[in-house]
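Below, chains carry the letters A, B, ... as their sequence lines are ordered, and counting in each starts from 1.
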Protein chains: 2
Amino acid sequence: MKKTERASGNVTLPAPAGGSASAGGHRRGPLTRERILRTALRIMDEEGLDAITMRRIGRELGVEAMSLYNHVEDKDDVLEGVSELVLSEFEFPEPVEDWEESVRAGARAWRSLLLAHPNVCTLLSERRKPIGSPEALKPIEYALDVLHRAGLTEKETVQAFRLFGGYVMGSVTMQVGNMMTGVDGAPLMTPEELGAVLPPARVPRFLQMLPHLQECDPDEDFEFGLDVLIAGIRARVRRRARTASATG
Amino acid sequence: MKKTERASGNVTLPAPAGGSASAGGHRRGPLTRERILRTALRIMDEEGLDAITMRRIGRELGVEAMSLYNHVEDKDDVLEGVSELVLSEFEFPEPVEDWEESVRAGARAWRSLLLAHPNVCTLLSERRKPIGSPEALKPIEYALDVLHRAGLTEKETVQAFRLFGGYVMGSVTMQVGNMMTGVDGAPLMTPEELGAVLPPARVPRFLQMLPHLQECDPDEDFEFGLDVLIAGIRARVRRRARTASATG
DNA sequence: GGACGTATGCTTACGATGTAAGCCAGTATA
DNA sequence: TATACTGGCTTACATCGTAAGCATACGTCC
């Protein structure tokens, strides 16, 4: 290799060059881009995005921070790699005959993946590049196929694809950010402190819905959203079928 | 004030205590939490989230970094304040008689706000606290009212509220992140380099939809999503009305 | 008017971070 | 065997958030 390339093709050397099996960090193989990214991902999952530092990754691998630069471009490259690593884990479930059920399954799988790495939403929202990694391509193919089978036009298929993708991403972002619910079941706001801010007569709906705003089952909410989305698509397809048959 | 409080109630001093009108940074008034947050927001909008540093904010205000700590707790407090500042800008459009149009208008307004501050999505996804600021309460009230008028139950109203919120957030996140489109009209991937990775026969749908994946009109996509969501909700309400009348 | 506490700005300093530059020991190749 | 290269290490630097302490101006009370 001339420079630190992004290729994930890793040669397996029998012995690490100049590698002294050090104390503390457990070194169980040669240093690779792959191992660096997996370590960074684990750190992110366990301690958050800010915990990813070059020195930290190095310590975890029993190596100095600067050694990492032989395998990655810079820290951005690490974060980029972590994103791709997570995305590459995605497996679109094998489609079934019913497109609705296939869509549901795909959306659930996508959601599960994001929830398994809660900080990846933030990470993905930081990066400003398209997802088009080759590994992500097969799932996209599946998703497009399933949605197309629902009876959508080509353009609508792509739009629906983005719609589901965006919904899942937004929904997970709000869930892991505790944005619209109490934290750990604790109330978002008690009626008392609410009353201190705004006269209750001004926010009748809010007070009326407060119980449902407090306790919130993310899974149930997600399924509700899926139902609505699918019903909406079904309605659109059916309506077009009707007007088409009326015209033709 | 004993300590640096989070209250935005600011006393207006006639003259800044110990304030020497300095060079470079233009000081046009007393240093306040408000001015700090507005400056941080502007920096974020113009140069990104990472450009927000205490020293940078200070320079912009003609003040040393440490002086900021008289008005804000720490950097997290600044970011928190910026979030709230943006959120407080939201104005739910005055509802009209048609709930669908009201929902559309509300979602568009929420989207416009996020697009006006593209980095706020990342910022919001970093913070792990509910949105419950008092200013955000009025828009929530409006939204709940509008959705309830659509004929949803209380629980469904809250779920639909979260659904629209999540959809808008996810959709904007994907748009500003260029996740599912070519960057600036540049192709996501040319058929050639795609063919080098995967045999075209394996991804027929992808190739078929490629033109639509490339050129993407975010506004149009967003409206498509809105249509689907609203159609889905309409279908749900109508179906319940039908079964209810059949039962009763 | 003078003394004093408080609010608010400034200076200095410390540890952490990303990373440029250069060093050095093994390995592969001529 | 001489040489170049690979992949580790060490050192050094600019920048970051912020703790500690100092200086100055104001409001308040005698």
How long is the line joining CD1 of B:Ile57 and P of D:dC16, in whole Å? 11 Å

Starting at atom CG of B:Asn70, determine the distance to atom C1' of C:dT8, rounded to an integer number of angstrom. 5 Å

Given atom CD of B:Glu73 and atom C1' of D:dA19, what is their separation to the nearest angstrom? 14 Å

When you get a sec, tell me which of D:dT10, D:dG7, C:dC10 is the closest nucleotide to the side chain of A:Met66? D:dT10

Side-chain N or O of B:His71 closer than 4.0 Å to phosphate OP1/OP2 of C:dA7: no

Length of the CZ-P vector between B:Arg35 and C:dT8, whole Å: 14 Å

Taking N or O atoms only and anything under 3.5 Å, show me the protein contacts with nucleotides 16-18 of chain C, one pair per line.
unit_1 : atom_1 : unit_2  : atom_2 : d
C:dG18 : OP1    : A:Lys75 : NZ     : 2.8
C:dG18 : OP2    : A:Met54 : N      : 3.0
C:dG18 : N7     : A:Arg55 : NH1    : 2.7
C:dG18 : O6     : A:Arg55 : NH2    : 3.0

Rounding to an integer number of Å, can you tell me how far B:Glu64 CD sits from C:dA13 P? 15 Å

Under 3.5 Å, side-chain donor or acceptor atoms of residues 43-53 of chain B against the rest of the protein: list the pairs with distances, not counting sequence neighbours.
unit_1  : atom_1 : unit_2   : atom_2 : d
B:Asp45 : OD1    : B:His117 : ND1    : 3.2
B:Asp45 : OD2    : B:His117 : ND1    : 2.6
B:Glu47 : OE1    : B:Arg56  : NH1    : 3.0
B:Glu47 : OE2    : B:Arg56  : NH1    : 3.2
B:Glu47 : OE2    : B:Arg56  : NH2    : 2.8
B:Thr53 : OG1    : B:Arg56  : N      : 3.0

Selection residues 165-175 of chain A - residue pairs positive for side chain to side chain donor-acceptor pair (under 3.5 Å), sequence neighbours left out: A:Arg111-A:Gln175

Listed by chain and number, what are the ring pair (Phe, Tyr, Trp, His ring centres under 6.0 Å) partners of A:Phe92, not counting sequence neighbours? A:Tyr142

Separation of atom CD1 in B:Ile36 from atom P in C:dT8, rounded to whole Å: 11 Å

For A:Pro93, all residues meeting side-chain contact (heavy atoms from CB on, under 4.5 Å), sequence neighbours excluded: A:Ala105, A:Ala109

Under the rule for salt bridge (Lys or Arg N to Asp or Glu O under 4.0 Å), what residues qualify as partners of B:Glu220, not counting sequence neighbours? A:Lys155

On the nucleotide C:dT8, are OP1 or OP2 found under 4.0 Å from the side-chain N or O atoms that B:Ser67 carries? no

Reported CG-to-CD1 distance for the pair A:Leu31 and A:Ile36, which is rounded to 0.5 angstrom: 4.5 Å

